[in-house]
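Worksheet: the structure to be examined is printed underneath.
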Amino acid sequence: MPKLPKYERLYGEIAVNELFNQSKRFTSFPLRVHYALRPENAHTRFMVSIPKKLFKHAVDRNLLKRRIREAYRAYKPTISIDIAFVYASNEIASSEQIEKAVQKAINKITTTHLT
RNA sequence: ACAGUACGUCGGUUUGUCGCUGGCAAUGCAUAUUGCGAGAGGAAAGUCCGGGCAAUACAGGACACCGUGUUUCUGAAAGUAGAAGCUAUCAGUGAUGGUAGGUGAGCGCAGAAGAAAAUAACCGCCCGCAAGGGUAAGGGUGAGAAGGUGGGGUAAGAGCCCACCAGCAUGUAUGGCAACAUAUGUGGCUGUGCGUACCACGGAUUGCAAGACCAAGUAUACUGACGCAUGUAGGGCUGUCCGUCCGAUGUCAGGGGGUAGGUUGCUAGAGACUGUCUGCGAGGACAGUAGUAGAUAAAUGACAAACACCUUUGUUUACAAAGGCACAGAACCCGGCUUAUAGGCGUGCUGUUUUU
RNA sequence: GGUCCUGUAGUUCAAUGGAUAGAAUACGAGUUUCCUAAACUUUAGAUCCGGGUUCGAUUCCCGGCGGGACUA
């Protein structure tokens, strides 16, 4: 199984703002995906965001965040990009649904940019 | 046995694969890698109180403002903190639970209804030719109507007088550390609520995103010396006044703020657990034991299986199938309060029924 | 994380603790018109929830729920 160390995570105000200002985006229900290409040798970085407006309790947000992270870890992309997943549904999706959505999103990115 | 009530307590367990965040050890210049071990709660929540800790330019006084207000105790402290009591009141058959609590002299206010809402005379009753006077026994209203009932008394009436009862003030005795309770004597004859007023105690502000440091880089910040000025403008000390402290502007020299990033603060503490003694209790004393969550766009997980528990159905007295398994996630740390919480377990007490 | 403010008709606002919570506008019905608009008449509609204080609570107090602002 692939790992997910700290340097593969996207954080910091500047980096996040950069991604959201310059990214391409599309929806893979229940996720909205933002991504941007990076130079060849840089690490792929990713982040997850669950709006507080959709889920009031911290427990629910944590659960979704963990499920998305697990799914991302399983289907990590092979090219260098910054990627952000924003949750866009107001129901708690199952692990299966999230896995499918993440897989679909990453396949879409890799196929469009490799060819 | 069932129902209830108060207090305490638990709130899933195990295995496999993969992963995340610290700690220690080894290897390595280092990024890292390997091994060992650790990693959410009773409320981590709400932020309603109180502290620790930190920063600030905090002398003090008068008046004002705000908060609290039964007694004794506990505690570092508490402004709905806790324990055991007291008084009043509400709910309950009851165990029990909720709410309130300083003083009461003076002053102010109380819609509509009602004759009248407080030095009461509209109707009625009595005296009187009348004018006028006496009278709270009876009269709808109202949350509240001039202590209640009975008797005497009177022109008619009235605590005007008497008995009993309720309430208030006060003396004495007994019990209690005390609030207060009980008994008894005396007194006058007594409406309700709110506000104001007075008394006692407390109150600087901001909050770990406080604050400190690092490398990069630069100001009108800041520091020192000299000069100027009635230490002025302005500002701090909860507000105002007094008082007190800081204090803009020129020249020279030093110096390195904010912002973003990193490090630190950062976890051993008014700690936890067990036992003994002690106290009605909150607690206290002594002895022993084990170990230590510290993340930072924020770790503590994902998937699978088994077991335990609950519900329903079927067979039947233990199996099968299906479904469920609460509230909820640390962000500087403690003490309390409040709110959410499937399902258990223990102890005391209460009610009902049955048996002895 | 921390510090505050606020909640009244569908909407925007009123209401010393006092009788049946009041306006504007919107919606519905009617009049007018060949029809619509405008104008006029008129009906219905609300104190976020749960307790407490009080004779009486939108107002005062406590707890909960929702909405918003500031701080970085």
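Proteins get letters first, then strands, A, B, ... in listed order; numbering begins at 1 in each. Because the structure is predicted, anything quoted here is derived from the model rather than measured.
Residue order along RNA chain B, read from the 5' end via each residue's closest nucleotide, puts Lys65(A) first among Lys65(A) and Asp60(A). Comparing Phe46(A) and Ser94(A), the nucleotide of RNA chain B nearest to each residue sits closer to the 5' end for Phe46(A).
Regarding Asp82(A), its CG atom lies at a distance of 14 Å from the C1' atom of rA297(B), rounded to whole Å. Rounded to an integer number of Å, the gap from CG of Leu63(A) to C1' of rC303(B) is 13 Å. At whole-Å resolution of the value, OH in Tyr72(A) and C1' in rC18(B) are 17 Å apart. We find that CZ of Arg67(A) is positioned 20 Å from P of rC20(B), with the value rounded to whole Å. One atom, CD of Glu70(A), and another, P of rG19(B), lie 10 Å apart when rounded to the nearest Å. For Arg61(A) and rA328(B), the CZ to P distance is 13 Å, given to the nearest whole Å. Note: CZ (Arg73(A)) to P (rA299(B)) measures 15 Å, nearest angstrom. Here rU21(B) presents its P atom at 16 Å from CG of Asn62(A), a figure rounded to the nearest Å.
Within the shown strands, rC349(B) is the pairing partner of rG4(B) under the Watson-Crick or G-U definition, both distances less than 3.5 Å. Pair assignment for rG171(B): rU184(B), on the basis of Watson-Crick or G-U wobble contacts that are both within less than 3.5 Å. Pairing for rA116(B) is absent, with no Watson-Crick or G-U wobble pair whose two atom distances lie under 3.5 Å. Of the nucleotides present, none pairs with rU341(B) by Watson-Crick or G-U wobble criteria with both distances under 3.5 Å. Base pairing of rA225(B): its partner is rU251(B), meeting the Watson-Crick or G-U wobble criterion (both donor-acceptor distances under 3.5 Å). Nucleotide rU74(B) forms a pair with rA81(B), judged by Watson-Crick or G-U wobble geometry with both contacts under 3.5 Å. If you check rU196(B) for Watson-Crick or wobble pairing at under 3.5 angstrom, you find it paired to rG106(B). Shown here, rU316(B) forms no base pair; nothing in the strands shown gives a Watson-Crick or G-U wobble contact with both key distances under 3.5 Å.
Spacing of C1' atoms, rU54(C) relative to rC349(B), comes out at 37 Å, to the nearest Å.
With hydrophobic clusters built from ILVMFWY side chains whose heavy atoms lie under 4.5 angstrom apart, Tyr75(A) shares a cluster with Phe26(A).
In the set rA297(B), rC303(B), rG329(B), rG329(B) carries the atom at the smallest distance from any side-chain atom of Val59(A).
Classified by interplanar angle (parallel below 30°, tilted 30° to 60°, perpendicular above 60°), the ring pair Phe46(A)/Tyr72(A) is parallel.
For rG329(B), the OP1/OP2 oxygens have no side-chain nitrogen or oxygen of Arg66(A) closer than 4.0 Å. Between Ser95(A) and rA302(B) there is no side-chain polar atom (N or O) within less than 4.0 angstrom of OP1 or OP2.
Between the CD1 atom in Ile68(A) and the OG atom in Ser95(A) there is a gap of 10.5 Å [rounded to 0.5 Å]. From Ile83(A), atom CD1 reaches atom CE of Met47(A) across 11.5 Å, with rounding to the nearest 0.5 Å.
Backbone-only contact: Arg69(A) has heavy atoms under 4.0 Å from sugar-phosphate atoms and none from a base.
Put simply, the side chain of Glu70(A) never gets that close to the backbone of Arg67(A): no donor and acceptor are under 3.5 Å apart.
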